[in-house]
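Reckoned from all heavy atoms, side chains included, excluding hydrogens, waters and symmetry mates. Position 1 is the first residue of the sequence; numbering continues from there.
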Amino acid sequence: MMKEPNDNNIAKTKLRFYSSFEEADEDNIKRILLQEPLERIRETVELILRVYNTDHEQLKKRGGYRTFKISFTE
């Protein structure tokens, strides 16, 4: 049985078959909309790190020439 998209533990290990690309896109959009914004950001950062074949530790060691800090105020 396939888990529902609103389940917090979205079935990442299950293989899903769709009858059309539109159905797959709709399911993907539902899954994304149910995620918390910070979780989406975290997943995006992890994807970028994988694309550039690096990790958090390597980024910390680099330091960077243009560092900046983001602070939230009310």
Side-chain angles (χ1 to χ4, degrees):
M1 176 182 237
M2 188 170 24
K3 294 184 180 183
E4 292 297 319
N6 63 357
D7 190 1
N8 288 338
N9 187 11
I10 295 174
K12 294 180 181 179
T13 58
K14 293 199 176 197
L15 187 59
R16 296 181 183 192
F17 294 95
Y18 298 100
S19 58
S20 67
F21 289 112
E22 291 80 16
E23 184 183 349
D25 287 340
E26 187 177 309
D27 187 53
N28 193 34
I29 290 169
K30 286 179 186 177
R31 183 185 61 79
I32 290 170
L33 289 175
L34 291 171
Q35 282 182 308
E36 292 292 323
L38 291 177
E39 179 65 21
R40 286 192 300 235
I41 292 171
R42 187 191 66 73
E43 286 184 1
T44 302
V45 168
E46 293 300 323
L47 177 62
I48 292 168
L49 291 175
R50 276 188 273 153
V51 166
Y52 287 102
N53 195 27
T54 190
D55 59 18
H56 291 284
E57 293 303 317
Q58 289 176 345
L59 287 179
K60 288 178 185 176
K61 290 177 185 174
R62 285 186 198 171
Y65 64 95
R66 298 171 81 187
T67 59
F68 59 92
K69 182 179 179 180
I70 299 173
S71 48
F72 296 95
T73 59
E74 293 184 34

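Linking Ile, Leu, Val, Met, Phe, Trp and Tyr residues whenever their side-chain heavy atoms come within less than 4.5 Å places L59 and I41 in a single cluster. Side-chain heavy atoms closer than 4.5 Å link hydrophobic residues (I, L, V, M, F, W, Y) into clusters, and following such links, possibly through other members, connects I48 to V51.
The structure places CZ of R42 at 12.5 Å from CD of E36, a figure rounded to the nearest 0.5 Å. Going from atom CG of N28 over to atom CZ of R31 covers 5.0 Å, rounded to the nearest 0.5 Å.
Contact record, R16 with D27: NH1-OD2, 2.6 Å, taken as the closest heavy-atom pair. Among all heavy-atom pairs drawn from V45 and H56, the shortest one is CG1-CE1, 4.1 Å. Smallest separation of non-hydrogen atoms from E23 and S20: N-OG, 3.1 Å.
E46 pairs by the salt bridge (Lys or Arg N to Asp or Glu O under 4.0 Å) definition with nothing, not counting sequence neighbours. Checked against salt bridge (Lys or Arg N to Asp or Glu O under 4.0 Å), E22 has no partners two or more places apart in sequence or in another chain.
Atom CG of L33 has more than 12 neighbouring heavy atoms from other residues, nucleotides or ligands inside a 6.0 Å radius.
A salt bridge between R40 and E43 is absent, with no side-chain N of the basic residue lying under 4.0 Å from a carboxylate O of the acidic one. A salt bridge does not link K61 with E57: none of the charged nitrogens is closer than 4.0 Å to a carboxylate oxygen.
Not a single donor-acceptor pair under 3.5 Å links the side chain of E39 to the backbone N or O of Q35.
Looking at heavy atoms from C-beta onward, L49 lies out of side-chain contact with D55 at the 4.5 angstrom threshold.
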